[in-house]
Amino acid sequence: MSLIVQKYGGTSMGSVDRIKNVARRVAKWHAAGHQVIVVPSAMSGETNRLLTLANDITSDPDPREQDMLAATGEQASSALLAMALIAEGVPARSFTGWQVPVRTDSSYTKARIAEIDGDSIRAELDAGRVVVVTGYQGIDEHGYITTLGRGGSDTSAVAMAAALGADECLIFTDVDGVYTTDPRVVPQARRMRVTSFEEMLELASLGSKILQIRAVEFAGKFRVPLRVLSSLTDPLIPIEEETESGTLITFEEDSQMEAAVVSGIAFSRDETKFSLLGVPDTPGVAYSILGPVAAANIDVDMILQNQSVDGTTDFSFTVLHDDYERTHEILKTQVGPAVGAKQVIADSKVCKVSIVGIGMRSHVGVASLMFRTLAKEGINIQMISTSEIKTSVVIEDKYMELAVRALHKAFELDQDKYIPDDA
Ligand code: ASP
Ligand code: MG
């Protein structure tokens, strides 16, 4: 007998029929003797509907009240799922975050989980029940309802798995796993059978939207094995077959990883670039430029500064699209004149493409293959940044798909390189 946490996303809970299918799937696990905690999202579109109502009332809804409202989506889906389970003959009870309780801080609309008291849930499980716990929410020290930010049910599920020492946390979603890159861009993209937390973190933060980043961080920190899999398969598919499907996200040392040096390619259009030309190459310049940007709470991603020949240099950095106008304003009115820049150039037509893989630690020539591949396609690299398991480039956005396809091929991600244990 194992303790399994299963999270179902909004699409998986999207209609009465889908909820009934979730109940059948959960009933199958329960019948096989497993203890199951289910963490559902709100039915698809429901959270958006609620937040739109809030914005129709006022352009600046009170955050505490917004959470009070948004949390109801999961309360409804959880109760419906518990009913469906009971109708299937499975003893089940649903609980809201505050009933558990899931304790969080008081940052309404983006609260962080501090602690989960698992006693009441354990008692329900020991009594043979399936426990349904609302995703996305908790309670703060005042007893007020909080929510964990959009996509927060992933984090709820992982936190629940960590708190109760679950054997695995299964994230059921509308895709069948994590792919080497977006299959809409590269039809040859492959589902990864296994990947590591580190790679998943890079892929998640680089724009692969399958899992909330905080959920991956949490799972890595508390060593919760995660599996991403499809809820759109036949709910009665045998359990062994089900656990073989999807993508297991685990620890490098615990499993045999795929033998690829680069395991995935991520990309993001959400990038804009600024350059200040002809700024003095003196101590404090980077601070004079980025200090005001940071003070405005704008996140800077990549930074590039060149060596000077004549005492002046060019300084470039990137920010997200949402911060483009504000950053431009700060540079034009404040920073540019203050540091005496000859010119401020703003460019929103850039994108970021990254190759990710833990194999990069032990292999040389990975970045150079990337650069050679882009050169062959005639794509100019504007900026480069690297970390231990990632190399990112900024390029003109019209070349994004071409770059991703070329790199996917160059790193042989089209081919299945998985080596089974008995090979
Ligand atoms: N229902 C919430 C949202 O739509 C939380 C979640 O689905 O993870 O963001
Ligand atoms: Mg989600």
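All ligand and atom numbering here is 1-based and tracks the order in the structure.
When only interatomic distances are considered, the shortest N/O to N/O separation between Ser153 and ligand 1 falls below 3.5 Å. Close N/O approach between Thr47 and ligand 1 is found [any backbone or side-chain N/O within under 3.5 Å].
Using modelled atom types and a 3.5 Å distance limit, the side chains of Thr250 and Arg227 yield no donor-acceptor pair. Side-chain atoms of Asp176 and Tyr179 form a donor-acceptor pair, as typed in the model, at a separation below 3.5 Å. No side-chain donor-acceptor contact under 3.5 Å links Ser78 and Ser94.
The only option from Val393, Val262, Ile384, Ile381 that meets the side chain to side chain contact (heavy atoms under 4.5 Å, CB included) definition with Met370 turns out to be Val393.
Nearest heavy-atom pair across Gly336 and Leu276 is CA-CD2, 4.2 Å.
Gly151 counts as a contact of ligand 1, since one of its heavy atoms falls under 4.0 Å from the ligand. Ligand 1 has no atom lying under 4.0 Å from any heavy atom of Gly135. Residue contacts with ligand 1: Glu46 is excluded, as none of its non-hydrogen atoms falls under 4.0 Å.
Aromatic ring pairs are classed by plane angle as parallel below 30°, tilted from 30° to 60° and perpendicular above 60°; the pair Phe197 and Phe251 is tilted.
Remark: ligand 1 atoms within the under-4.0 Å shell around heavy atoms of Arg150 are 3 (C), 4 (O), 9 (O). Every atom of ligand 1 with a heavy atom of Ser41 under 4.0 Å away is listed here by number and element: 6 (C), 7 (O), 8 (O).
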